[in-house]
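Please read the structure below before turning to the comments.
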Amino acid sequence: MQSAIDLRNKLKSIDHRGYPAYKDLKGQYDFKDYVLSIDHVQGDPFAAPSRLSVRVKGEKAGFPSAFYDTHAKRVTLQDHLTRLFGREVSGGSFQAKGSGKSGLLSVSRCGQQVLERTALRVNTGSGAGSSVTVGNAARGNSEQGSAVQSSTAGGITLRFEAGFPANGRTINARELEKMLFDILPECVRRSLYYARIDKIKLKQAICLCEDQEFIRKKLPELSLCAFVADGSVLPRESGVSEKPMKGAVPFKTPDSLKVTLDLPNKGMVSGMGIPKGVTLFVGGGYHGKSTILQALQNGVYNHIAGDGRELVITDKTAVKLRAEDGRSIVNVDISPFIRNLPSKRDTAHFSTEDASGSTSQAANLMEGVEAGSSLFLIDEDTSATNFMIRDQLMQEVISAGEEPITPFICRVTSLCRDLDISSIIVAGSSGSYFHVADTVIQMKEYIPYDITKRAKEAAKGYPAMSGDEDRFPAYLDKRCPQPDMGLRKDDRIKIKTMGTSELMLSRENVELRYLEQLKDQEQTAALAWILKFAELKMMDGRKNLKQISELLEKQMDRDGLESLFERGDISSSLARPRKQEILACINRYRRLRF
């Protein structure tokens, strides 16, 4: 390892040379308080920025082990420090001048959700991605520090990007020296050292995480699939903003659904407990039905303080189901919903390049079962009508024998009874689901009212749809993807992402725009790398998709997203997606073959 003085001397030696001479800087440099590593140097000042990393030893960083002794708390600590560094570095970005991206300093921009990222990792002392208890610091004494920390435990690796300055395409080493020796060191000290940061705000973030995880673990014990705390602010600023709406009506729980929890830090908190089973949200337009469903679908993630949905907690396996016209389906068993097609096509092994609304929603549901989901979230506005319901008049005119689709209403009860999968459904135009719902909640001016008894009484005067007599078949996935030898022979596999809507692996686009629980473009980037890794390392024609997803989860739990990279040049801009989105991405990959 070289010293900071060596780096300064190198900078002087390459000043005013051609831009490629910057590549001579690659390597590690000891700045005493931390080690700076120049991992990748951009080809010219207009190309993607250079990738750098900083490593701080545990005893120098000084964070108490009680702040990272569980996986959830470690992710929260990492998220908090990334936000701190981002605020610090934003003030130093572009202070160094030059052409193109000269002077840029940037790190992952964290949104409202708390996500595991490659941008920053706190080492627990037993592997890059593991989470083990280090020390025995009591919660009340966590600010004073924990018992024992090695240089590994509590050590921090920060990855960020920098635009190396140039005049035209000529190196401006003096400006880079200002970035690396004046701006960066102060940003590091103000964000990665426990002694220098706001300890109260960090403690609040960790305490909020403990409360959120407490609720999440309580859900199955209380036979609940979701919890919405009183006072939560569910509406967002706009359709393109995740920030809370100012002046929004705070959430208020109906007495019949009120649950009170004694949280580890916040104490007694009351809110609406949504029981397992079939729950129906109804009400007039613009009264908050879709708003609460969106809050619930985002409740699979923890949120930062001030978001308004901090204590909206949903079963972590929940999946939002919707119609998805035009998606690719490969060898999926949709026979519980669609069979006896006029073309005699096999719906137990159904494939198509261009699915209809009903077949796509049926496939999405069966793939959700395959992914181990315990809760489905459905909005009639984004569903295929013929998948959801067939009214009485249509049944009388078109007999059951002439209709290949068994609508969801005929399967929703057996789905819960036989597979223990609950459903939360938003309906505004059809009352047919009153017959099968266990709980009916009316949203009126963003306030929920339990109208189960009234809805059931009203439903007695109307015929119920027949069905749901058969057991829902256990979905045993036997699809074993074959390796793509063409991809394996490609020495330079191109990866590209377009927000949360689409990714490209080699020359194949994967549409993700309807995966509504993808919240960050860095999750899309991670999906691209995961898909590449799975294709090259795991798809061998013997492992099925469920086994592949479980192996990926274990690997990322143990070694982090960093384990997707073989050559050590790790992307600084990946955020971990859930298993549900990983499998959804693989299922939409058109090169998939069985």
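Here Tyr68 and Phe63 keep their ring centres 6.0 angstrom or further from each other.
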Identify each donor-acceptor pair in which a side-chain atom of residues 239-247 lies under 3.5 Å from a protein atom, sequence neighbours left out, and give them as a table.
| from | atom 1 | to | atom 2 | distance (Å) |
| --- | --- | --- | --- | --- |
| Ser241 | OG | Glu237 | OE1 | 2.9 |
| Ser241 | OG | Lys243 | N | 3.2 |
| Glu242 | OE1 | Gln113 | NE2 | 3.1 |
| Glu242 | OE1 | Arg309 | NH2 | 3.0 |
| Glu242 | OE2 | Lys519 | NZ | 3.4 |

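Counting heavy atoms from C-beta on, the side chains of Leu545 and Glu367 never come closer than 4.5 Å. Between Asn302 and Val75 the shortest side-chain heavy-atom distance does not fall below 4.5 Å. By the 4.5 Å heavy-atom criterion applied to side chains, Ile274 and Thr439 are not counted as neighbours. Looking at heavy atoms from C-beta onward, Asn265 lies out of side-chain contact with Leu208 at the 4.5 angstrom threshold. Using a 4.5 Å cut-off on side-chain heavy atoms (C-beta onward), Phe160 and Val54 make contact. Within the 4.5 Å cutoff, the side chain of Pro448 has heavy atoms near those of the Phe251 side chain. In this structure the side chain of Arg190 never reaches within 4.5 angstrom of the side chain of Leu84, judged on heavy atoms. Contact of the Ile424 side chain with the Leu375 side chain is registered, since non-hydrogen atoms from C-beta on lie closer than 4.5 Å.
Here the closest heavy-atom approach between residue Ser432 and residue Ile409 is recorded as O-CD1, 3.5 Å. Among all heavy-atom pairs drawn from Val122 and Arg74, the shortest one is O-CD, 3.3 Å. Ser270 approaches Phe227 most closely through the heavy-atom pair C-CZ, 4.0 Å. Here the closest heavy-atom approach between residue Ser573 and residue Ser108 is recorded as CA-OG, 4.0 Å. Closest of all the heavy-atom pairs between Ser423 and Leu415 is OG-CD2, 4.3 Å. Across all their heavy atoms, Leu192 and Ile156 have their closest contact at O-CD1, 3.7 Å.
Gln517 places a side-chain N or O within donor-acceptor distance of the main-chain N or O of Gln297, the cut-off being under 3.5 Å. Panel note: side chain Thr382, backbone Arg322; no donor-acceptor pair is recorded below 3.5 Å. Counting only distance, with no hydrogens or angles, the side chain of Gln212 and the backbone of Ile313 share no donor-acceptor pair below 3.5 Å. Arg87 contributes no side-chain N or O that, together with a main-chain N or O of Ser191, makes up a donor-acceptor pair within less than 3.5 Å. Under a 3.5 Å cut-off, the side chain of Asp307 and the backbone N or O of Gln112 do not form any donor-acceptor pair. Proximity of a side-chain donor or acceptor of Thr452 to a complementary backbone N or O of Val440 within less than 3.5 Å is detected. A distance-only check finds no donor-acceptor pair linking the side chain of Thr291 to the backbone of Leu234 [under 3.5 Å].
Remark: Lys546 does not engage Glu370 in a salt bridge, criterion side-chain N to carboxylate O under 4.0 Å. Lys276 and Asp315 are not joined by a salt bridge, as no carboxylate oxygen comes within less than 4.0 angstrom of a charged side-chain nitrogen. Electrostatic pairing of Lys579 and Glu553 does not count as a salt bridge here, judged by no charged N lying under 4.0 Å from a carboxylate O. Of the charged side-chain nitrogens involved, at least one lies within less than 4.0 Å of a carboxylate oxygen, so that Arg196 and Glu186 count as a salt-bridged pair.
For Tyr446, the OH atom is densely surrounded, since the number of other residues' heavy atoms within 6.0 Å is greater than 12.
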Could you walk me through whether Gln555 and Phe533 pass the side-chain contact (heavy atoms from CB on, under 4.5 Å) check?
CA-CA 11 Å; Gln555 176 176 307; Phe533 186 90; 3.4 Å; yes
From CA spacing to verdict: side chain to side chain donor-acceptor pair (under 3.5 Å), His71, Glu116
CA-CA 10 Å; His71 179 268; Glu116 183 176 355; 3.2 Å; yes
Is there a side-chain contact (heavy atoms from CB on, under 4.5 Å) between Asn298 and Val312? Walk through the geometry before answering.
CA-CA 8 Å; Asn298 289 323; Val312 178; over 6 Å; no
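Atom-to-atom distance recorded for Leu293:CG and Met443:CE is 11.0 Å, nearest 0.5 angstrom.
Partners of Phe214 according to the side chain to side chain contact (heavy atoms under 4.5 Å, CB included) rule, which considers only residues two or more places apart in sequence or in another chain, are Lys218, Leu263, Pro264. Partners of Thr157 under the side chain to side chain contact (heavy atoms under 4.5 Å, CB included) rule, at least two apart in sequence or in another chain, are Arg55, Arg159. The side chain to side chain contact (heavy atoms under 4.5 Å, CB included) check on Ser429 picks up Glu380, with sequence neighbours excluded. Partners of Lys252 under the side chain to side chain contact (heavy atoms under 4.5 Å, CB included) rule, at least two apart in sequence or in another chain, are Ile447.
In this structure, Phe337 and Phe387 have tilted ring planes: the angle between them lies in the 30° to 60° band.
Note that Lys199 lies in the cation-pi zone of Tyr194, set by a 6.0 Å cut-off to the ring centre and a 45° limit from the axis.
Using modelled atom types, one finds a donor on one side chain and an acceptor on the other under 3.5 Å when comparing Gln361 with Ser383.
Between Glu522 and the options Arg109, Arg117, Arg576, a salt bridge (Lys or Arg N to Asp or Glu O under 4.0 Å) holds for only Arg117.
Annotation: salt bridge (charged side-chain N to carboxylate O under 4.0 Å, His left out) contacts involving residues 434-456, sequence neighbours excluded, are absent.
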